[in-house]
Protein chains: 2
Amino acid sequence: MANIKEIAKLAKVSVSTVSRVLNDHAYVSGDKRKAVLEAIEHLNYSRNMSAVQLINGKTNVIGVMLPFINHPYFTGLVEGISAEALKNNYQLMLCQTDYNELNEINVLKMLKTKQIDGIIICSKHMPLDQIEPYARYGPIVACEDVGSSPVSSVFLDHYTSFRRGINYLIERGHRHIGFCLGRNNGVNSQMRRRAYVDALTSIQEAIREEWIFYQSYRIEDGVDVLRKLLQMETRPTALLVTSDQVAAGIIMEAGKNGLRVPEDLAVIGFDNQPIAEVFDLTTIDNQLYEMGSQAFRIAYDQIMKIRELPEYRELEYRLIERSSV
Amino acid sequence: MANIKEIAKLAKVSVSTVSRVLNDHAYVSGDKRKAVLEAIEHLNYSRNMSAVQLINGKTNVIGVMLPFINHPYFTGLVEGISAEALKNNYQLMLCQTDYNELNEINVLKMLKTKQIDGIIICSKHMPLDQIEPYARYGPIVACEDVGSSPVSSVFLDHYTSFRRGINYLIERGHRHIGFCLGRNNGVNSQMRRRAYVDALTSIQEAIREEWIFYQSYRIEDGVDVLRKLLQMETRPTALLVTSDQVAAGIIMEAGKNGLRVPEDLAVIGFDNQPIAEVFDLTTIDNQLYEMGSQAFRIAYDQIMKIRELPEYRELEYRLIERSSV
DNA sequence: CTGAAAGCGCTAACAC
DNA sequence: GTGTTAGCGCTTTCAG
């Protein structure tokens, strides 16, 4: 491959002039510019971006840390990040961690070794304090509430949104309420569990652990949940389900077993995915696209030094009323 | 940030010795190695990978070109790619093109400018001959049949698989058969359409354009398809649907409108996604995970010069019989 | 085993 | 406006 030197020679100019043309600098005369352009054309030249990155100390790449990509929650986030990245001439490094700490550390290390300019954490396993030391190498933005930290965040108040969901059910006469979560150790999950406990306590209902389901991510997990419900002597009359996919599975399987929604079982989903509309599912929209694009902006502004300090932005959830409650 | 020179000074060795330690070369005495390691530790040093990439002419990154990520077809592919990449210490650059030619060209250019070592094309819009010239800059692997080309490929015989699906329907007495595709101009789509025409011709059925649906990707698109079907005076009795999501939407909406599956409408899906099992959907598994991991291997082997020539690998589809036919 | 030195390809003072 | 030149941080001959 040709390099800048050969272009300079062919165009009979210096390498700096070539560089100026390449970077659209002013102060290059028309004919020299033209000569350079012709040489570039003629030699089919392209910049070697590794060299550019070395000298600029910048890659124009943002790392996206997530456990797995094949879930609408994460693709929703990524769509938002991606749209904003495209506008700002940034690329995305997709880093699937499987919630494995070693993989997560590797992503952080990529920041330190300058393979990426910043990181957006869609979801993580490792504790925050292991992440924080890396914030000095570039902006890190989490899509969950991290409190005050060198790590920025865009988040929803999952405590309030979950309580809002439960209250909505209580207002409609439900007292036997269960819920389904993804992980049981994430920040978001813990806040939700707390909201659940507080809400049930306020109406003097006992917490029944058998009505709480973890590791529910996909439609087939919802099917499993419903089947477990069928085994119980006392069933909850309502379920808060932190993924529309899982809620859809529950509703599907309920239908197969002659359980009516919402009469026999009310369901509230989360995320407001297209599948929620198809299933006429009442759901809590938590603005994934918006969250992703804001996360990118925060990272970007920090890379560009438009802003120096970490930022914490709270987004509003919305309750979408349909007919599953 | 500390650099290799400072490490050398602190460890009282030359930079080449530091480099040897960094790269696990043999022939470094125990105490020098230890001194270097201590200096690295002490200065919290990390390699600057931009410099490494410049000198090696290699990034250890593969670009993944796809129109959008929020569809199980693509996430399935990406999971396969990703698993193999992880094993081989490669990173993935996620390049969403929205089927926009300019975006697609940009991905190709990243290969030329050495931002990535190779490209896996999950799906594309632009014609192959615009892509081929870029194959000299690094391996390009397409997840569709590209014939004999400098571009490698992993693919299914979509003509045969589609015909197999239609014949399966015909054997069960169907003659009024429609289908749903994603795009209408992709290679895969064209082969499928041809299979459809040939099969119907062989049983002397006319092609009815109103039974052919394009731009069907998601569950809500399936809902639309079924609604359109309801408007027709003569409806197909069976549908071949190139996405389990769309098929699920069709079945959902059929149920709401009192149409029984398969009695009133038989449905075959594609991809064998989890949702197919939940809906008891007969489907054609086209091995997305396997396709993704093989695509990575082909690219990888070529980067590593284990193999020089492009490769064309055909995968086997499988018909998964459930109860929607 | 170790070090000196020559780049990899590019950018950006700095001088003219 | 343009060219010269000193790096960016690293790897790798080549001598010893």
Side-chain angles (χ1 to χ4, degrees), chain A residues 1-40 43-61 109-117 137-138, chain B residues 1-40 43-61 109-117 137-138:
Chain A
M1 275 295 293
N3 61 23
I4 202 175
K5 236 169 160 175
E6 295 178 44
I7 301 297
K9 200 196 296 172
L10 184 60
K12 298 190 201 311
V13 298
S14 71
V15 291
S16 25
T17 298
V18 178
S19 176
R20 287 188 189 105
V21 172
L22 252 22
N23 293 288
D24 280 325
H25 279 228
Y27 307 128
V28 182
S29 70
D31 33 336
K32 297 232 168 185
R33 160 165 276 121
K34 202 167 142 236
V36 169
L37 257 19
E38 274 169 13
I40 287 175
L43 262 43
N44 185 24
Y45 165 82
S46 275
R47 280 228 278 301
N48 180 328
M49 293 310 282
S50 293
V52 177
Q53 287 168 16
L54 170 58
I55 204 155
N56 290 339
K58 197 162 146 304
T59 61
N60 274 45
V61 177
K109 282 194 181 152
M110 288 175 67
L111 190 58
K112 191 176 176 192
T113 59
K114 292 178 178 298
Q115 291 181 86
I116 51 182
D117 298 340
Y137 304 117
Chain B
M1 272 294 295
N3 61 24
I4 202 176
K5 234 167 159 176
E6 296 177 43
I7 302 297
K9 199 196 298 175
L10 184 60
K12 299 191 202 311
V13 297
S14 70
V15 291
S16 22
T17 297
V18 177
S19 177
R20 287 190 189 102
V21 173
L22 251 22
N23 293 288
D24 279 324
H25 279 227
Y27 307 127
V28 182
S29 71
D31 32 337
K32 297 230 168 183
R33 158 164 280 122
K34 202 167 142 237
V36 169
L37 258 18
E38 275 169 12
I40 287 174
L43 263 43
N44 185 25
Y45 166 82
S46 274
R47 280 226 279 300
N48 179 328
M49 294 309 282
S50 293
V52 176
Q53 287 169 15
L54 170 59
I55 202 154
N56 290 340
K58 198 163 144 301
T59 61
N60 275 47
V61 177
K109 282 196 180 149
M110 288 175 66
L111 190 57
K112 191 175 175 193
T113 58
K114 293 178 176 302
Q115 292 182 85
I116 51 182
D117 298 341
Y137 304 117

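On a predicted model such as this, the values are computed, not experimentally measured, just so you know. So you know, we letter chains A, B, ... as the sequences are listed, proteins then strands, and number each from 1.
Distance CG (A:N48) to P (D:dC8): 18 Å, rounded to an integer number of Å. With rounding to whole Å, B:I7 atom CD1 is found 9 Å from D:dC10 atom P.
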Validation: residues 3-17 of chain A side-chain donor-acceptor distances under 3.5 Å, sequence neighbours left out:
{"from": "A:N3", "atom 1": "OD1", "to": "A:K5", "atom 2": "N", "distance (Å)": "3.1"}
{"from": "A:N3", "atom 1": "OD1", "to": "A:E6", "atom 2": "N", "distance (Å)": "3.1"}
{"from": "A:S14", "atom 1": "OG", "to": "A:S16", "atom 2": "N", "distance (Å)": "3.4"}
{"from": "A:S14", "atom 1": "OG", "to": "A:S16", "atom 2": "OG", "distance (Å)": "3.0"}
{"from": "A:S14", "atom 1": "OG", "to": "A:T17", "atom 2": "N", "distance (Å)": "3.4"}
{"from": "A:S14", "atom 1": "OG", "to": "A:T17", "atom 2": "OG1", "distance (Å)": "3.4"}

For residues 26-34 of chain A, dump all side-chain donor-acceptor pairs below 3.5 Å to protein atoms at least two apart in sequence or in another chain.
{"from": "A:S29", "atom 1": "OG", "to": "A:D31", "atom 2": "OD1", "distance (Å)": "3.3"}
{"from": "A:R33", "atom 1": "NH2", "to": "A:H25", "atom 2": "O", "distance (Å)": "3.3"}

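For the pair A:V61 and A:Q115, the minimum side-chain heavy-atom distance is 4.5 Å or more. The closest side-chain heavy-atom distance from A:K112 to B:N44 is below 4.5 Å. No side-chain heavy atom of A:M49 sits less than 4.5 Å from a side-chain heavy atom of B:Q53.
Here the closest heavy-atom approach between residue B:T59 and residue B:K114 is recorded as CG2-O, 3.1 Å. Nearest approach of A:D117 to A:L111, heavy atoms of both residues: C-CD1, 3.5 Å.
For DNA chain D, none of the residues of residues 28-39 of chain B falls under the heavy-atom distance limit of 4.0 Å.
Within a 6.0 Å sphere centred on NZ of B:K109, heavy atoms belonging to other residues, nucleotides or ligands number 12 at most.
Defining each end axis of the helix from C:dC1-D:dG16 to C:dC16-D:dG1 as the rotation carrying four pairs' C1' atoms onto the next four, with five pairs an end, the two axes are found to diverge by 40° to 10 degrees.
Read 5' to 3', the first and last nucleotides of DNA chain C with an atom closer than 4.0 Å to a heavy atom of chain B are C:dC1 to C:dG9.
The line from CD1 of A:I116 to OH of A:Y137 is 13.5 Å long, rounded to the nearest 0.5 Å. Here the OG atom belonging to B:S50 is positioned 11.5 Å from the CD1 atom belonging to A:I55, to the nearest 0.5 angstrom. Between atom CZ of residue B:R47 and atom OG of residue B:S19 there is a gap of 7.5 Å, rounded to the nearest 0.5 Å.
Comparing B:Y27 and A:K5 against DNA chain C, the residue whose closest nucleotide sits nearer the 5' end is B:Y27.
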Criterion side chain to side chain contact (heavy atoms under 4.5 Å, CB included) on A:N48 and B:T113, from CA distance to verdict:
CA-CA 5 Å; A:N48 180 328; B:T113 58; over 6 Å; no
Contact state string [nucleotides 11-16 of chain D, B base, S sugar-phosphate only, - no protein heavy atom under 4.0 Å]:
BBB---
